[in-house]
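Data first, discussion second: the structure below is written as structure tokens.
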Amino acid sequence: MSPESLAQLISTAAGNLAQSGKAGDLTVDLIPSAIAVSRPKDRSHGDWSTNIAMQLAKKTGMKPRDLAQLFADELAKSDGISSVEVAGPGFINITLDSGSAAAIVDEILSQGSAFGTNRHLGGKTLNLEYVSANPTGPIHIGGARWAAVGDALGRVLKANGAKVVREYYFNDHGVQIDRFARSLVAAAHHEPAPQDGYKGAYIDEIAQRVIAQATQDGIDILNLPRVTADDGSEGDSAQREEFRKRAVPMMFQEIQDSLHHFRADFDVWFHEQSLYNNGMVGHALSVLRDHGNIYEKDGATWFASTKFGDDKDRVVIKSNGDMTYFASDVAYYYNKRHRETDPADVAIYMLGADHSGYVGRLQALCAAYGDEQYVNMQILIGQLVNVSKDGKPIRMSKRAGNVVTLEDLVDAVGVDAGRYSLVRTGYNQNLDIDLNVLSSHTNDNPVYYVQYAHARSKNVDRNAQAAGVTTQGAELSLLDTIADSNLLAQLALYPGVLAAAADFREPSRVARYLEDLAAAYHTWYAAERVVPMELTDHDKQGEPAAVEALRIAKDPEPARAAARLKLNDAVAQVLENGLDLLAVSAPDKM
RNA sequence: GGGUUCGUAGCUCAAUGGAUAGAGCGUCUGUCUCCGGAACAGAAGGUUGGGGGUCCGAAUCCCCUCGAGCCCA
């Protein structure tokens, strides 16, 4: 029995109590729609526990323990429950029949990779935008965090029935592209990087690649005109344009390749420039204007965002006629919600803490279009990744050229460990990564613990086959030891974890769950054998009860061994399902 | 100065308002000739930054305060 179905049972019991009139002022409308059923930390508190009586005590005018006892009596009548006890201030502790607890095993094995999934987000299209780094350099470690988290969240949302569009927004319109091109020209001529420009080995490398490509095309790129304006700044020049034209696609490709290698694939690569090429910016602004949220002042065009809770109104068209960055954001949001294919019901933005100041204006934008704030637009702010070496923090700067990139991370620890370490912590938690830990190739990453549990379970399965143990004749109610029961309960938690990971937008919950499941499995493995082994003479010398316990652990009868093999295989399946949500491999051998 | 996200074991991180705040790493002690020891069992390590409040119950919610990151002045 799963915690979800147990909650259903408790809800029914509450309904019965309300109708009977025995439980004080308890009425049907007091019963919460979601009843919390949790796993007690202490084994002696039963398999599952609920605090429903304490929550309802005050409203019904009853003492918590008295109300709990009424629930206990009602629940004890249900099939599959072996005992119910009231404990502490009013907890209701429930112990299941071993057969009822073990039913989850058959459910997992029959559903396979679909086990744990649900359709509760069915019919919704969720647009996830993440990473969206400028195409002026490689993805750095902060972008890598979003790649791992965003991709995993997309998988989790899909597993809950949502239609998911993963999207990457290239800022290929603004001045940073000019700076990038200028930096390349300077590097090509072995000149120092311009002020506000980018430097670093990758700039030199891209510059050389552009030169090589141009040469191949018969263009002497270094001798194209370089115009210098009177004030010393470089104006538009044929040479810079040629560098820009060739380097930006190279950077696009490099970013896409490294994300693909990191198993973070996107459905839509959106170019900011396209918003201008097809008039989307003008259209989106005119719609805002129709809603009465655009006005002119001091020669500029403003968005009245303070009407919707922003700190101050925002300029969308400067007095010189230039569009602001925010004008692109306006058009982009409008596009997400109204495009022809897969318009978003919910636009989820995953931004770093350095963009936290944008939340107000973006949410105002959402409301200005008549959409519902925090519902049609959801913004997840993640804390930045701090990189340190020898205990000292390093300040990364793309312009200074000392970034730790996604490629660096993958080179150091591989895709599995890299993704896992970035996704297992809450994204809104500062994350500290020490370069020494990355470069030492250590095996202390929890991903190996989880993967090893999977490899081990596969190995047990192979050994069982070789020893002639099959799942035929399995008697699941014989999964009645403490280790069995703990492992069964852990398996039963998976569907709830998957739903919560989606609802809270926290894929880290899946990783944490897998670590708990792996721990329960390793403990189980140490305690109970699948392939029977004869007891030694020494084993048989103890008290009868102790000998029997050893017999059950080491030399299970066929029906019990078969049941354990099923449990073992069910664990392998759930580990596989969970790791797949994180796009981490589930190896059969390590 | 205003806003915002945080502050938990030596380090990196967990913990729907629940029972004795948990893991990993590090330190220390054990593990049966036996399904893979990348494991298991155990020990030490905490005034959840500090102070008030709400609640049957607070790391969690509210107020004040200290410190840090980020955004805006």
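So that the names make sense, note that chain A is the first sequence line, chain B the second, and so on, each numbered from 1.
A/Gly90 comes within contact range of no nucleotide atom at all, as no heavy-atom separation falls under 4.0 Å. Using a 4.0 Å heavy-atom cutoff across all strands shown, A/Asn51 reaches at least one base atom of the nucleic acid. Looking at heavy-atom distances under 4.0 Å, A/Gln465 makes no contact with the nucleic acid at all. Backbone-only engagement by A/Arg456 is indicated by non-hydrogen atom pairs under 4.0 Å involving sugar-phosphate atoms exclusively. Nucleic acid contact class of A/Pro64 (heavy atoms, under 4.0 Å, all strands): none. Among the heavy atoms of the strands, none lies under 4.0 Å from A/Thr536. A/Tyr449 comes within contact range of the sugar-phosphate backbone alone, with a heavy-atom separation under 4.0 Å but no base atom that close. A/Ser508 comes within contact range of no nucleotide atom at all, as no heavy-atom separation falls under 4.0 Å. Note on A/Val447: nothing from the nucleic acid sits closer than 4.0 angstrom, heavy atoms only. Using a 4.0 Å heavy-atom distance criterion, A/Asp555 is classed as making no nucleic acid contact. Within the 4.0 angstrom heavy-atom criterion, no nucleotide atom of any strand lies near A/Asn568. Contacts of A/Glu515 with the nucleic acid, taken as non-hydrogen atoms under 4.0 Å apart, are absent. Nucleic acid contact for A/His45: base, since at least one base atom lies under 4.0 Å from a heavy atom of the residue.
The shortest distance between the side-chain N/O atoms of A/Gln429 and the OP1/OP2 oxygens of B/U8 is not below 4.0 Å. Residue A/Lys312 places at least one side-chain N or O under 4.0 Å from the OP1 or OP2 atom of B/A73. OP1 or OP2 of B/A39 has not a single side-chain nitrogen or oxygen of A/Thr523 nearer than 4.0 Å. One finds a side-chain N or O of A/Tyr525 lying less than 4.0 angstrom from the OP1 or OP2 phosphate oxygen of B/G37.
On the C1' atoms, B/G46 is 12 Å away from B/G10, given to the nearest whole Å. B/U8 and B/U47 have their C1' atoms separated by 12 Å, given to the nearest Å. As rounded to the nearest Å, B/A21 and B/C40 have C1' atoms that lie 24 Å from one another. Annotation: B/U65 and B/C6 have their C1' atoms spaced 16 Å apart (nearest Å). B/U16 and B/C61 have their C1' atoms separated by 14 Å, given to the nearest Å. Atom C1' of B/G67 sits at a distance of 27 Å from the matching atom of B/G26, rounded to the whole Å. If you take atom C1' in B/G22 and the same atom in B/A9, they sit 10 Å apart, rounded to whole Å. B/A39 and B/G51 have their P atoms separated by 39 Å, given to the nearest Å.
Under the Watson-Crick or G-U wobble criterion, with both distances below 3.5 Å, B/A41 is paired with B/U29. When Watson-Crick and G-U wobble pairs are counted only if both distances are under 3.5 Å, B/U16 pairs with no nucleotide at all. In this structure B/C11 sits in a base pair with B/G24, meeting the Watson-Crick or G-U test at under 3.5 Å. Pairing for B/C6 goes to B/G67, judged as Watson-Crick or G-U wobble with the two contacts each under 3.5 Å. Judged by Watson-Crick or G-U wobble contacts below 3.5 Å, the nucleotide B/G1 has B/C72 as its partner.
In terms of position on RNA chain B, the residue among A/Ile381 and A/Ala87 whose nearest nucleotide sits closer to the 5' end is A/Ile381. With the nearest nucleotide of RNA chain B identified for both A/Val460 and A/Asp539, A/Asp539 has the one nearer the 5' end.
Around atom NZ of A/Lys307, more than 12 heavy atoms belonging to other residues, nucleotides or ligands sit under 6.0 Å away.
Closest approach to the A/Ser356 side chain among B/A19, B/C13, B/C71 is made by B/C71 (side chain taken as heavy atoms from C-beta onward). Of all nucleotides listed (B/C70, B/C40, B/C13), B/C40 comes nearest to the side chain of A/Ala526. Side-chain proximity of A/His522 to B/A19, B/C40, B/C55: nearest is B/C40. Of the candidate nucleotides B/C13, B/A19, B/G18, B/G18 has the atom lying nearest to any side-chain atom of A/Pro89. Of all nucleotides listed (B/A19, B/U5, B/G18), B/U5 comes nearest to the side chain of A/Asn428. Taking only side-chain atoms of A/Gln383, from C-beta outward, the nucleotide of B/A38, B/U5, B/A19 with the closest atom is B/U5. The side chain of A/Tyr452 has B/A39 as its nearest neighbour among B/G18, B/A39, B/G3.
With no hydrogens or angles considered, a side-chain donor-acceptor pair links A/Asn160 and A/His120 at under 3.5 Å. Using a 3.5 Å distance cut-off with no hydrogens or angles, the side chains of A/Gln573 and A/Asn577 do pair a donor with an acceptor. With no hydrogens or angles considered, a side-chain donor-acceptor pair links A/Asn486 and A/Arg39 at under 3.5 Å.
Nearest heavy atom pair, residue A/Val530 against residue A/Arg564, reads CG2-CB, 4.0 Å. Here the closest non-hydrogen pair linking A/Thr60 and A/Ala23 is CB-O, 4.0 Å. For the pair A/Leu565 and A/Asp461, the tightest heavy-atom approach, listed with the atom from each and the gap, is CD1-OD1, 3.6 Å. Considering all non-hydrogen atoms of both residues, A/Gly46 and A/Thr95 come closest at CA-OG1, 3.6 Å.
What separates CG of A/Asp354 from C1' of B/G3 is a distance of 16 Å, to the nearest Å. In this structure, A/Glu506 atom CD and B/C13 atom C1' are separated by 14 Å, rounded to whole Å. For the pair A/Phe504 CZ and B/U16 C1', the computed distance is 6 Å after rounding to whole Å. Taking atom CZ of A/Arg39 as the reference point, atom P of B/G18 lies 17 Å away to the nearest angstrom. In this structure, A/Glu528 atom CD and B/C40 atom C1' are separated by 13 Å, rounded to whole Å. A straight line from CG of A/Asp311 to P of B/A73 spans 10 Å, rounded to a whole angstrom. For A/Asp42 and B/G18, the CG to C1' distance is 14 Å, given to the nearest whole Å. Between the P atom of B/A23 and the CG atom of A/Leu517 lies a distance of 16 Å, rounded to the nearest Å.
An aromatic stacking contact links A/Phe91 with the base of B/A19, defined here by ring centres under 5.5 Å apart and ring planes under 30° from parallel.
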Donor-acceptor list for residues 579-590 of chain A side chains, cut-off 3.5 Å, not counting sequence neighbours:
residue  : atom : partner  : partner atom : Å
A/Ser585 : OG   : A/Asp416 : OD2          : 2.5
A/Ser585 : OG   : A/Gln451 : NE2          : 3.3

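Taking the six-membered ring where the residue is Trp, A/Tyr513 and A/Tyr494 present tilted rings, their angle falling between 30° and 60°. The aromatic rings of A/Tyr427 and A/Trp146 are tilted relative to each other, their planes meeting at an angle between 30° and 60°.
Every salt bridge (Lys or Arg N to Asp or Glu O under 4.0 Å) that A/Arg551 has, sequence neighbours left out, goes to A/Glu548, A/Glu557.
For the segment residues 579-590 of chain A, residues with any heavy atom less than 4.0 angstrom from an atom of RNA chain B are, sorted by number, A/Lys589, A/Met590.
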